[in-house]
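Residue numbering restarts at 1 for every chain, and letters A, B, ... go by the order of the sequence lines.
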There are 2 protein chains.
Amino acid sequence: MTNFIVPDLKITPRTGGYARGQDGFEHILRSALALLVNHGSAALTLRRIATESGMNVGNLNYYFRSKEELIRELLNAVISSYEESFDEIVHEAGATAEARLENLVMLILEDITTKKTTRFFPELWAMANHDPFVYDRMNELYDRARVSLNELIGEINPALPEDERKILALFISASMEGMTMFAGYEKPWRAQMPMLEIIARRSFIQLVSTLRPGEIKGDLSIGGS
Amino acid sequence: MTNFIVPDLKITPRTGGYARGQDGFEHILRSALALLVNHGSAALTLRRIATESGMNVGNLNYYFRSKEELIRELLNAVISSYEESFDEIVHEAGATAEARLENLVMLILEDITTKKTTRFFPELWAMANHDPFVYDRMNELYDRARVSLNELIGEINPALPEDERKILALFISASMEGMTMFAGYEKPWRAQMPMLEIIARRSFIQLVSTLRPGEIKGDLSIGGS
DNA sequence: GATAATATTGTTCACTTGTCCAAATTTAGT
DNA sequence: ACTAAATTTGGACAAGTGAACAATATTATC
């Protein structure tokens, strides 16, 4: 419960081929991810991937028609792993809905401090700005990540209509993602993440449980002028 | 007040040289920024920058010793512009501290919907993961961006000690940055940004005004088990 | 252990990358 | 107009890029 680790890759077995081929396929993607995480997208050249995986350059072209296809498979494998993990997290038991929401927040924020997550997602966000495939796949991931958040909000605050719940879930999810650049792996506020977790839990619970239907729509703020 | 636009670049005039040289210098950085924003960091090649600015490749090497120096100057110019703008925002008049905090939140979230901001910052975050210079410069920027936030928190909740104020400011700032990938320029939730702004204002004000000293440190949560 | 499918190697190709430099052009002050 | 400094040009260079291919080695199955 305290430690929930998302596997690096979720690879759908290829049809046909030998066992060695499956190994090679996974090995290549694993090496590519290591390069991306340790040296950034600029290091993602076929030759560096080949060297990293102890293979010949030509062999990469056997597994992947093009470099673009390799990268797509890589992103897809990483993203699929997150999607699977999120589905598991949802079904984790918990007492009240509030407690389960707090657990979810903790799990996500702890994952953010992971080297892989801290390094991978900014690359993903940057790529999504210029690659429609990455854009779509990324939004698929976050859509699914918000499903459980959405349900918990519904349990805690049933009066809130569905569309407002969705926006609230987005706000909470986006808030947490924003911590990546500041309290992620080797980031200056990494040591303060436990306190950020407390703030996040407190703030999100308060927000979810006290937001009234329609409050989001009009600009009738509470304390505002 | 409604529209606060951060200039693209803040360039410190070079010493010596003709006026034409200064123009060329700025023109190159402007073209490089356009490429980065419109096509991503992969498009930042000297030849594309040269073409974009109607110059010869060799001329870029006259202005910048190396490609790395060009990119550093570019990032520095963009970041400096933000720093200058933040200093101006701080001194914007406002009634209560709450109202000024709400204004600040609105300004930042509106800037996030800008094409330049939505596209530039994810690139910056990704670069900061592997380039120490970018890492330092980025943290300088955010440190300064949080100064005004910090002061407002102190006004609203004077009982809160300085170190807890800092973490609270970080939480708020990071939360807003996280909206970039979801409600930024051409992002799926762009149209819902006004509602996200309402949620953010309400949530942040509530958080800042009700957080008690020491609450962050211990794990004595409010509604928790 | 022969055989066909699968995997790997080594090499070649055309192209792009950043850097460098000598020559030509433009600029500003005399 | 003359001049020296500043700017710009165009082309060269070695190194690296993704892609392609025939030749070789490995695997699983009979």
Side-chain angles (χ1 to χ4, degrees), chain A residues 11-36 38-75 123 127 130-131 133-134, chain B residues 11-36 38-75 123 127 130-131 133-134:
Chain A
I11 301 175
T12 53
R14 33 207 295 275
T15 59
Y18 299 157
R20 182 171 183 177
Q22 182 69 26
D23 289 349
F25 187 83
E26 296 195 17
H27 192 27
I28 292 172
L29 292 189
R30 222 166 284 278
S31 302
L33 177 59
L35 276 175
L36 182 65
N38 293 319
H39 301 96
S41 58
L44 271 191
T45 72
L46 291 184
R47 275 166 181 81
R48 289 196 71 168
I49 298 173
T51 302
E52 182 83 7
S53 48
M55 279 179 180
N56 194 285
V57 198
N59 205 15
L60 298 192
N61 232 283
Y62 168 73
Y63 282 106
F64 307 93
R65 253 186 295 273
S66 66
K67 180 190 176 182
E68 190 187 351
E69 184 180 314
L70 191 159
I71 293 184
R72 284 190 182 187
E73 294 282 356
L74 170 63
L75 299 186
E123 301 284 353
M127 291 189 215
H130 305 102
D131 185 329
F133 170 81
V134 179
Chain B
I11 301 175
T12 53
R14 34 208 291 276
T15 61
Y18 300 156
R20 182 169 183 177
Q22 183 67 26
D23 288 349
F25 187 85
E26 297 195 15
H27 192 22
I28 291 172
L29 292 188
R30 221 166 284 279
S31 302
L33 177 60
L35 275 175
L36 182 65
N38 292 320
H39 301 96
S41 57
L44 270 192
T45 71
L46 292 184
R47 274 166 181 82
R48 287 195 73 166
I49 297 173
T51 303
E52 181 83 7
S53 48
M55 277 179 182
N56 193 288
V57 197
N59 205 16
L60 298 191
N61 229 280
Y62 168 74
Y63 282 106
F64 307 93
R65 254 188 293 273
S66 66
K67 180 190 177 183
E68 190 186 352
E69 184 181 313
L70 191 159
I71 293 184
R72 284 190 181 186
E73 294 283 357
L74 170 63
L75 299 185
E123 301 283 352
M127 291 189 215
H130 304 102
D131 185 329
F133 170 82
V134 179

Going by the rule ring pair (Phe, Tyr, Trp, His ring centres under 6.0 Å), which residues pair with B:F64 if we only count those two or more places apart in sequence or in a different chain?
B:F25
With sequence neighbours left out, write down each residue that passes side chain to side chain contact (heavy atoms under 4.5 Å, CB included) with A:I71, or none if nothing qualifies.
A:L44, A:K67, A:L75
Which atom names give the shortest non-hydrogen contact between A:L29 and A:L74, and what distance separates them?
O-CD1, 3.5 Å
Going by the rule side chain to side chain donor-acceptor pair (under 3.5 Å), which residues pair with A:S41 if we only count those two or more places apart in sequence or in a different chain?
A:E123
Output all residues satisfying side chain to side chain contact (heavy atoms under 4.5 Å, CB included) with A:F133, sequence neighbours left out; order by chain, then residue number.
A:R72, A:D131
Residue pairs fulfilling salt bridge (Lys or Arg N to Asp or Glu O under 4.0 Å) with at least one residue in residues 24-33 of chain A, sequence neighbours excluded:
A:E26-A:R30
For the CG atom of A:L70 and the CD atom of A:E73, what is their distance to the nearest 0.5 Å?
8.0 Å
Contacts under 3.5 angstrom, residues 49-59 of chain A side chains, donor-acceptor by atom type, not counting sequence neighbours:
residue, atom, partner, partner atom, Å
A:T51, OG1, A:R47, O, 2.9
A:S53, OG, A:I49, O, 2.7
A:S53, OG, A:A50, O, 3.4
A:N56, OD1, A:G58, N, 2.9

What nucleic acid atoms does A:R14 come within less than 4.0 Å of, heavy atoms only: base, sugar-phosphate, or nothing?
sugar-phosphate
Minimum heavy-atom distance between A:R20 and A:Y63, given as atom pair plus value:
O-OH, 4.0 Å
Name every residue in residues 17-33 of chain A that has at least one heavy atom under 4.0 Å from any atom of DNA chain C, in order of residue number, or write none if there are no such residues.
A:G17, A:Y18, A:R20, A:G21
A:Y63 side chain N/O closer than 4.0 Å to the phosphate oxygens (OP1, OP2) of C:dT8?
yes
Interatomic distance, A:R65 atom CZ to A:L60 atom CG [nearest 0.5 angstrom]
15.0 Å
For DNA chain D, which nucleotides open and close the run of contacts to chain B, 5' to 3', at under 4.0 angstrom from a non-hydrogen atom?
D:dA5 to D:dA12
5' to 3', nucleotides 18-25 of chain C under a 4.0 Å protein heavy-atom cut-off (B base, S sugar-phosphate only, - none) gives BBB-----
